[in-house]
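Worksheet: one structure, shown below.
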Amino acid sequence: MAVVETASVTRRVELGRSHVRLRLRAERIARESLPGQFVNVRCTPLAFSRKVFEDWDTFLRQRRAGGTGATRTLLMRPFAVYRRWKEGPEKGQFEVLFKVVGRGTAALAQKQPGEEVEVLGPLGKGFDLDWCRRLSTAVVVAGGVGLAPLYPLVEFLRSRDVHTIVIVGVISEHDVPIEVADSRVTLSFVATRPDLTITAKEFERLGCEVGVVALEGDKGYTGLPTEVFDRFLHWSDGGARGEAGVFTCGPWAMMREVARHAAEHDVRCEVLLEERMGCGVGACMACACRIRAANGEVVRKRICVDGPVFDGSEVVWDEG
Ligand SMILES: Cc1cc2nc3c(=O)[nH]c(=O)nc-3n(C[C@H](O)[C@H](O)[C@H](O)COP(=O)(O)OP(=O)(O)OC[C@H]3O[C@@H](n4cnc5c(N)ncnc54)[C@H](O)[C@@H]3O)c2cc1C
Ligand code: FES
């Protein structure tokens with residue numbers, strides 16, 4: 001069940017040009033969140049938001065004038081639970097990993113250890129863990145900061161001994177949401193392998209095959225993550241390798257391609273949609289996306305409560 005917790009910031013790390021990792025102490029969220037669930041974070045202090053409601057005329061005036069920092073960060077912002085610790089010295093803490101794109105994320109990026117933020121969660125419906133348990137191979141395709149919700153999933157898959165391949169697409173190795181390192185290890189299913197690759201140690205430590213694919217630069221795999229994913233699909237068509245599953249999160253166009261190619265190869269794919277939200281708890285329909293029901297009818301579903309994870313074959317992809 002979702003709870004509101006006042007979380008204290010315990011660690012803050014800047015990554016690349018625009019990503020921040022914030023560790024928060026919030027016992028229940030750390031203990032109860034499942035892979036794929038998210039939290040709503042109040043990026044601007046509550047007292048400041050209350051002031052806006054108290055001075056409603058000013059609020060409306062500012063809004064008509066195009067909005068201010070106050071109005072734009074009034075709503076909580078959704079973030080995936082990236083890391084969480086249920087035991088050990090970090091017990092009771094979780095991390096969000098985010099890209100600074102606007103007022104809310106800019107305000108959140110300023111938080112320092114010792115400061116507090118209000119957090120609501122865990123929210124939403126995560127990955128189908130019963131299905132995950134039965135897989136022999138999983139391919140996880142992340143685009144940029146879309147890898148955040150995929151970490152707990154990979155952790156779960158590896159704890160069940162599922163052979164897991166993680167493909168992370170980034171613009172360049174200088175603007176990545178995680179720590180990367182040069183490596184000599186290559187993806188097993190890629191025929192033409194570069195001498196030097198880029199890996200994400202945090203995922204590698206879980207025991208998966210990792211390939212960072214950069215759009216710019218000449219090191220490692222270059223191009224789009226979907227191109228590397230395609231090579232996996234063609235390779236896996238070659239023989240019976242047990243049940244495979246695909247998971248993706250990132251830019252809409254990337255997820256659409258991953259879902260389409262997976263369907264063409266008859267592999268089930270779960271997608272995590274990170275569209276703009278309003279209330280985050282099912283009340284406003286701001287996050288509605290179009291889903292094709294089993295009878296073929298297209299219905300609107302709320303990403304915040306019916307998702308954010310959906311079956312890739314159900315999403316109507318011609319928007320976004
Ligand atoms: C379930 C879920 C999980 C998410 N997890 C993460 C995460 O782990 N890390 C992370 O960095 N982001 C995540 N996001 C996206 C994040 O919520 C937005 O980037 C954030 O709300 C932007 O707030 P802002 O005030 O900084 O930007 P705003 O000032 O509101 O907007 C700035 C710009 O960003 C665009 N924008 C705003 N929200 C989104 C969005 N959801 N998707 C694409 N563009 C957007 C706007 O169109 C605008 O151009 C998640 C979203 C959802 C729905
Ligand atoms: S954000 Fe309000 S219904 Fe989903």
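Both counts, for ligands and for their atoms, begin at 1 and track the order of listing. Any value given below was found using the heavy atoms of this structure, including those in side chains, with hydrogens, waters and symmetry copies removed.
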Taking only heavy atoms of [X], which atoms of ligand 1 are found under 4.0 Å from at least one of them?
{"X": "Ala148", "answer": "8 (O)"}
{"X": "Val145", "answer": "9 (N), 10 (C), 11 (O)"}
{"X": "Arg103", "answer": "25 (O), 26 (O), 29 (O)"}
{"X": "Phe38", "answer": "1 (C)"}
{"X": "Phe98", "answer": "9 (N), 10 (C), 11 (O)"}
{"X": "Met277", "answer": "1 (C), 53 (C)"}

Between [X] and ligand 1, find which residue part has any heavy-atom pair under 4.0 Å and reply side chain, backbone, both or neither.
{"X": "Leu272", "value": "neither"}
{"X": "Thr105", "value": "both"}
{"X": "Glu275", "value": "backbone"}

Give a yes or no on whether the backbone of Ile29 and the side-chain of Glu32 come within a donor-acceptor separation of less than 3.5 Å. no
Looking at Val9, is its backbone amide N or carbonyl O close enough to the side chain of Glu116 to form a donor-acceptor pair, meaning the two atoms are under 3.5 Å apart? no
Testing the 3.5 Å rule here: is there a donor-acceptor pair between the side chains of [X] and [Y]?
{"X": "Thr10", "Y": "Gln93", "result": "yes"}
{"X": "Glu275", "Y": "Trp252", "result": "no"}
{"X": "Tyr151", "Y": "Glu95", "result": "no"}

Selection from Ala109, Gly104, Cys287 by shortest heavy-atom distance to atom 24 (P) of ligand 1: Gly104
Less than 4.5 Å apart, any side-chain heavy atom of [X] and any of [Y]?
{"X": "Lys99", "Y": "Thr105", "result": "no"}
{"X": "Val117", "Y": "Cys43", "result": "no"}
{"X": "Val176", "Y": "Leu15", "result": "no"}
{"X": "Phe229", "Y": "Val139", "result": "yes"}

Counting only heavy atoms not in [X], do more than 12 sit closer than 6.0 Å to its [atom1] atom?
{"X": "Ile171", "atom1": "CD1", "answer": "no"}
{"X": "Glu179", "atom1": "CD", "answer": "no"}
{"X": "Gln112", "atom1": "CD", "answer": "yes"}

Take Phe247 and Trp131 through the ring-ring contact (aromatic ring centres under 6.0 Å, His included) test and state the conclusion after the steps. CA-CA 12 Å; Phe247 306 87; Trp131 171 57; 5.2 Å; yes
State whether the shortest distance between N or O atoms of [X] and N or O atoms of ligand 1 falls below 3.5 angstrom.
{"X": "Ala80", "result": "yes"}
{"X": "Gly102", "result": "yes"}
{"X": "Val101", "result": "no"}

Under a heavy-atom criterion of less than 4.0 Å, does Val96 contact ligand 1? no
With 2.8 Å as the threshold, which protein atoms of type N, O or S lie near atom 2 (Fe) of ligand 2? Leave waters out. Cys279 SG, Cys284 SG
